[in-house]
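Numbering of ligands and ligand atoms starts at 1, following listing order.
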Amino acid sequence: MANKNQTLGEFIIQNQTEFKYSSGELSRLINSIRLAAKVVNHEVNKAGLVDILGAAGDTNIQGEDQQKLDVYANDIFIKTLINREIVCGIASEEEDDFITISGNNNKNKYVVLMDPLDGSSNIDVNVSVGTIFSIYRRVTPEGSPVTIDDFLQPGNRQVAAGYIVYGTSTMIVYSTGHGVNGFTLNPAIGTYYLSHPNMQFPEDGNIYSVNEGNYVRFPQGVKDYIKYCQKEEGDRPYTSRYIGSLVSDFHRNMIKGGIYIYPNNSKNPEGKLRLLYECNPMAYLAEQAGGSASNGFTRILDINPTELHQRVPFFCGSKNMVLKAEEFMKNASPKS
Ligand code: AHG
Ligand code: MN
Ligand code: MN
């Protein structure tokens, strides 16, 4: 039985033996993410003081250059992950190529892929942003530097994934393959508490989240599905909610029931979101919470990646809603 007074630290230790390779390393890795998230949270919370403290590109009172928050978050996560002898490589939205960590004689076992600050355009308007992370065991032998093969693994091989949402409260939500749990930060004492044990996507939902400004460019199947959501019939019309922060839109939909769609469109034929550090971790969490994630036709987690920054159309959320959207995609596709 979940104990809501439990801290994230206690939870990690208690559930350590659940990991397939239970050497404590994955626990320590989650621990370092927890720490980096606190540092980033502190900085994100100060974003509104930018006129007082200085904007990106300015020099602050200590003579340091002020960084954009996504660059800052990237640096903090990288530094924190390098400091432990667990991670052998990192891929990030903010880095063109992956980073090799050769410390510990290249014996570290895990690679981390991340979007250090998701929804960063929302910072200036005081709207929630997030961090997304995805963790794999390396596939190349220990003792040698990582290669691209360690990063180009299908999402079904993730050993853990999660996100941090810097919202009205700061939460870390993650899974190691045994369900999804959410922890809320008490900023006064810097401790995360298990506030959302065993999170579950409702099977059906009534929220659809899509940037309808792009409607005319959407594939016919998505247009048809949106019309279906808007139709007055049964429990419809559904409600439309779109923050423009994947983490926040996903988080709301997981709690309330809904679907998030970022389709391919005539301007972005592959979609916008990145497979490896946006869609795969969210798809893993969705499935762990009883939801579903698809590119409109097939399961996201079964896609074999070919590039680090590959994009993919993304349909993710309550199982029956994703199924319905897939049905519209299939019916609208040219029959062969
Ligand atoms: P990022 O800030 O990491 O570049 O990601 C932004 C993403 C995602 O969070 C969001 O759902 C989507 O872009 C919004 O895109 P549109 O503004 O095109 O709707
Ligand atoms: Mn993003
Ligand atoms: Mn980002």
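- Relative ring orientation between Phe201 and Phe250 is described as perpendicular, the plane-to-plane angle rising above 60° on a 0-90° scale split at 30° and 60°.
- Relative ring orientation between Phe11 and Tyr174 is described as perpendicular, the plane-to-plane angle rising above 60° on a 0-90° scale split at 30° and 60°.
- For Arg241 and Tyr208, the positive end is not near the middle of the six-membered ring at less than 6.0 Å and at most 45° from its axis.
- The list of side-chain hydrogen bond (donor to acceptor under 3.5 Å, both in side chains) pairs with a residue in residues 279-292, not counting sequence neighbours, reads Glu287-Arg299.
- Both the sub-6.0 Å distance and the 45° axial angle are not jointly satisfied by Arg138 relative to the ring of Tyr110.
- Partners of Asp115 under the salt bridge (charged side-chain N to carboxylate O under 4.0 Å, His left out) rule, at least two apart in sequence or in another chain, do not exist in this structure.
- Just one of Tyr228, Phe218, Phe297, Phe315 meets the ring pair (Phe, Tyr, Trp, His ring centres under 6.0 Å) condition when paired with Phe328; it is Tyr228.
- Below the 2.8 Å limit, the Mn ion (ligand 3) has as protein N, O or S neighbours Glu93 OE1, Asp115 OD1, Leu117 O.
- In this structure, the side chains of Gln158 and Leu301 come closer than 4.5 Å at one or more pairs of heavy atoms.
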Between the protein and ligand 1, are there any N or O atom pairs that come within less than 3.5 Å of each other, and if so, what are their names and distances?
unit_1   : atom_1 : unit_2 : atom_2 : d
ligand 1 : 2 (O)  : Gly119 : N      : 2.8
ligand 1 : 2 (O)  : Ser120 : N      : 3.0
ligand 1 : 2 (O)  : Ser120 : OG     : 3.3
ligand 1 : 3 (O)  : Glu93  : OE1    : 3.0
ligand 1 : 3 (O)  : Asp115 : OD1    : 3.4
ligand 1 : 3 (O)  : Asp115 : OD2    : 3.0
ligand 1 : 3 (O)  : Leu117 : O      : 3.3
ligand 1 : 4 (O)  : Glu93  : OE2    : 3.3
ligand 1 : 5 (O)  : Asp118 : OD1    : 3.2
ligand 1 : 9 (O)  : Asp118 : OD1    : 2.6
ligand 1 : 9 (O)  : Asp118 : OD2    : 3.2
ligand 1 : 9 (O)  : Leu246 : N      : 2.9
ligand 1 : 11 (O) : Leu246 : N      : 3.2
ligand 1 : 11 (O) : Tyr260 : OH     : 2.6
ligand 1 : 13 (O) : Lys272 : NZ     : 2.9
ligand 1 : 15 (O) : Lys272 : NZ     : 2.9
ligand 1 : 18 (O) : Tyr262 : OH     : 2.5
ligand 1 : 19 (O) : Asn211 : ND2    : 2.8
ligand 1 : 19 (O) : Tyr242 : OH     : 2.5

**Asked** Going through the checks in order, is the side chain to side chain donor-acceptor pair (under 3.5 Å) test met by Arg28 and Asn31?
**Response** CA-CA 5 Å; Arg28 286 196 289 128; Asn31 238 323; over 6 Å; no
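- Residue Glu278 approaches the Mn ion (ligand 2) most closely through its N/O/S atom OE2.
- Using a cutoff of 4.0 Å between basic side-chain nitrogens and carboxylate oxygens, Lys324 and Glu327 are scored as salt-bridged.
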